[in-house]
Amino acid sequence: MKSPNDRVRIVDVRTLSDDWYLLEKYTFDFQRHDGSWQRLNREAYDHGDGAAVLLFNREKGTVILTRQFRLPAYINGGEGMLIEVAAGLLEAKDPESRVRQEAEEETGYRISHVRKVFEAWMSPGSVTEKLHLFVAEYHPEDRVSRGGGLKEEGEDLEVLEMPFTEAMQAMNNGTINDGKTIMLLQYAALNQLMSPSIDQ
């Protein structure tokens, strides 16, 4: 059986936009299961890989989330304000150090230890991004600033400390509807991160 790469032949790549991020149009030949080749055109949006972290406090039974404006959600009919875990692009850094930096910038908590739990393609039909997802326990003494993100990057985040049970209810009723946040909350629930018996 041929590997997936053997079934793809890139014919042409054309840059459509290179402003905020990179948008390219690919023309490629794809070998179908019956052995025939089909020429296809697809656009791919490349803004790099990212990392996200769920901050949780087992003793208090809380998580740290943020609320921020997201233009694509707004123009697709939402109010645009999404509740999310701390996250950001790697920007040529390793995922672990980058996610600790993002956690501090966005939430104000300086986390020394993070644990990677999985990776996920976020929208593989059109976006190249692969997201590295982490969990990390925080404590009140870890807070070194008010957070809120970087003004020069247009960030204006509200930091939320929320009971885990409330966060799960918000996910179930659709108040929390960001994909990476849902995945990490589900991970925390399935793996009983809030249980005192869990040994990190």
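Just so you know, these numbers come straight off a predicted model, no measurement behind them.
When hydrophobic clusters are built by joining Ile, Leu, Val, Met, Phe, Trp and Tyr residues whose side-chain heavy atoms come closer than 4.5 Å, directly or via intermediates, I182 is grouped together with M194. Each of L160 and I111 belongs to its own hydrophobic cluster when Ile, Leu, Val, Met, Phe, Trp and Tyr are linked at side-chain heavy-atom distances under 4.5 angstrom. Each of V114 and V117 belongs to its own hydrophobic cluster when Ile, Leu, Val, Met, Phe, Trp and Tyr are linked at side-chain heavy-atom distances under 4.5 angstrom. Residues V85 and I176 are members of one and the same hydrophobic cluster, defined by side-chain heavy-atom contacts under 4.5 angstrom among Ile, Leu, Val, Met, Phe, Trp and Tyr. Both F56 and L133 belong to a single network of hydrophobic side chains, linked directly or stepwise wherever heavy atoms of I, L, V, M, F, W or Y lie under 4.5 Å apart.
R143 has its side chain within reach of V159: a pair of non-hydrogen atoms, C-beta onward, lies under 4.5 Å apart. Taking the side chain as every heavy atom from C-beta outward, H33 and R7 approach each other to under 4.5 Å. Using a 4.5 Å cut-off on side-chain heavy atoms (C-beta onward), N57 and H139 make contact. When side chains are defined from C-beta on, N177 counts as touching L82, because their heavy atoms get closer than 4.5 Å.
Annotation: the span from W37 atom CH2 to Q31 atom CD amounts to 4.5 Å, rounded to 0.5 Å. Once rounded to the nearest 0.5 Å, the distance linking NZ of K180 with CG of L185 reads 11.5 Å. Interatomic distance, OH of Y26 versus CD of E43, reported as 11.5 Å (0.5 Å rounding). Separation of atoms CZ (R110) and OG1 (T107) is listed at 11.0 Å; rounding is to 0.5 Å.
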Output side-chain donor-acceptor pairs under 3.5 Å for residues 63-75, partner residues at least two apart or in another chain, one line each.
{"residue": "T66", "atom": "OG1", "partner": "E84", "partner atom": "O", "Å": "3.4"}
{"residue": "R67", "atom": "NH1", "partner": "E158", "partner atom": "OE1", "Å": "2.7"}
{"residue": "R67", "atom": "NH1", "partner": "E158", "partner atom": "OE2", "Å": "3.3"}
{"residue": "R70", "atom": "NE", "partner": "E84", "partner atom": "OE2", "Å": "2.7"}
{"residue": "R70", "atom": "NH2", "partner": "E84", "partner atom": "OE1", "Å": "2.9"}

Let me check something: any side-chain donor-acceptor pairs from residues 45-54 under 3.5 Å, sequence neighbours excluded? List them with distances.
{"residue": "D46", "atom": "OD1", "partner": "G48", "partner atom": "N", "Å": "3.0"}
{"residue": "D46", "atom": "OD1", "partner": "T128", "partner atom": "OG1", "Å": "3.1"}
{"residue": "H47", "atom": "NE2", "partner": "E129", "partner atom": "OE1", "Å": "3.2"}
{"residue": "D49", "atom": "OD1", "partner": "K130", "partner atom": "N", "Å": "2.9"}

Enumerate, atom names and distances included, each donor-acceptor pair closer than 3.5 Å involving a side-chain atom of residues 88-97, sequence neighbours excluded.
{"residue": "E91", "atom": "OE1", "partner": "R98", "partner atom": "NH2", "Å": "3.2"}
{"residue": "K93", "atom": "NZ", "partner": "Q101", "partner atom": "OE1", "Å": "2.8"}
{"residue": "D94", "atom": "OD1", "partner": "S97", "partner atom": "OG", "Å": "2.5"}
{"residue": "D94", "atom": "OD2", "partner": "E96", "partner atom": "N", "Å": "3.3"}
{"residue": "D94", "atom": "OD2", "partner": "S97", "partner atom": "N", "Å": "3.0"}
{"residue": "D94", "atom": "OD2", "partner": "S97", "partner atom": "OG", "Å": "3.3"}
{"residue": "E96", "atom": "OE2", "partner": "R100", "partner atom": "NH1", "Å": "3.0"}
{"residue": "S97", "atom": "OG", "partner": "D94", "partner atom": "O", "Å": "3.3"}

Kindly list each side-chain donor-acceptor pair under 3.5 angstrom involving residues 11-18, sequence neighbours excluded, with atom names and distances?
none

Determine all donor-acceptor pairs shorter than 3.5 Å in which one atom belongs to a side chain in residues 161-168; sequence neighbours excluded.
{"residue": "E161", "atom": "OE1", "partner": "K60", "partner atom": "NZ", "Å": "3.3"}
{"residue": "E161", "atom": "OE2", "partner": "K60", "partner atom": "NZ", "Å": "2.7"}
{"residue": "E161", "atom": "OE2", "partner": "Y138", "partner atom": "OH", "Å": "2.6"}

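Listed here is the closest heavy atom pair of H113 and A136: O-CB, 3.4 Å. Counting all heavy atoms, side chain and backbone alike, R42 lies closest to F28 at CG-CE2, 3.7 Å. Taking both residues in full, the closest heavy atoms of E102 and A86 are given as O-CB, 4.4 Å, listed atom of the first, atom of the second, then distance.
Residues passing the side-chain hydrogen bond (donor to acceptor under 3.5 Å, both in side chains) test with S112: none are found, sequence neighbours excluded. Applying the salt bridge (Lys or Arg N to Asp or Glu O under 4.0 Å) rule to R146 yields no partners; only residues at least two apart in sequence or on another chain are considered. Take R32 and apply the side-chain hydrogen bond (donor to acceptor under 3.5 Å, both in side chains) test, not counting sequence neighbours, and it matches Q38. Applying the salt bridge (Lys or Arg N to Asp or Glu O under 4.0 Å) test to E105 and every residue at least two apart in sequence or in another chain returns nothing. Residues passing the salt bridge (Lys or Arg N to Asp or Glu O under 4.0 Å) test with D142: none are found, sequence neighbours excluded. Contacts of D156 classified as salt bridge (Lys or Arg N to Asp or Glu O under 4.0 Å), with partners at least two apart in sequence or in another chain: none. In this structure T175 satisfies the side-chain hydrogen bond (donor to acceptor under 3.5 Å, both in side chains) test together with N173, sequence neighbours excluded.
E104 contributes no side-chain N or O that, together with a main-chain N or O of G108, makes up a donor-acceptor pair within less than 3.5 Å. Within the 3.5 Å criterion, the main-chain N or O of N41 finds no donor-acceptor partner in the side chain of T27.
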**Stepwise side-chain contact (heavy atoms from CB on, under 4.5 Å) check, Y187 with L193** = CA-CA 8 Å; Y187 176 88; L193 291 191; 4.2 Å; yes

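With a 6.0 Å radius and a threshold of 12 heavy atoms from other residues, nucleotides or ligands, E59 has its CD atom at or below the threshold. At most 12 non-hydrogen atoms from other residues, nucleotides or ligands lie less than 6.0 angstrom from CG of D19.
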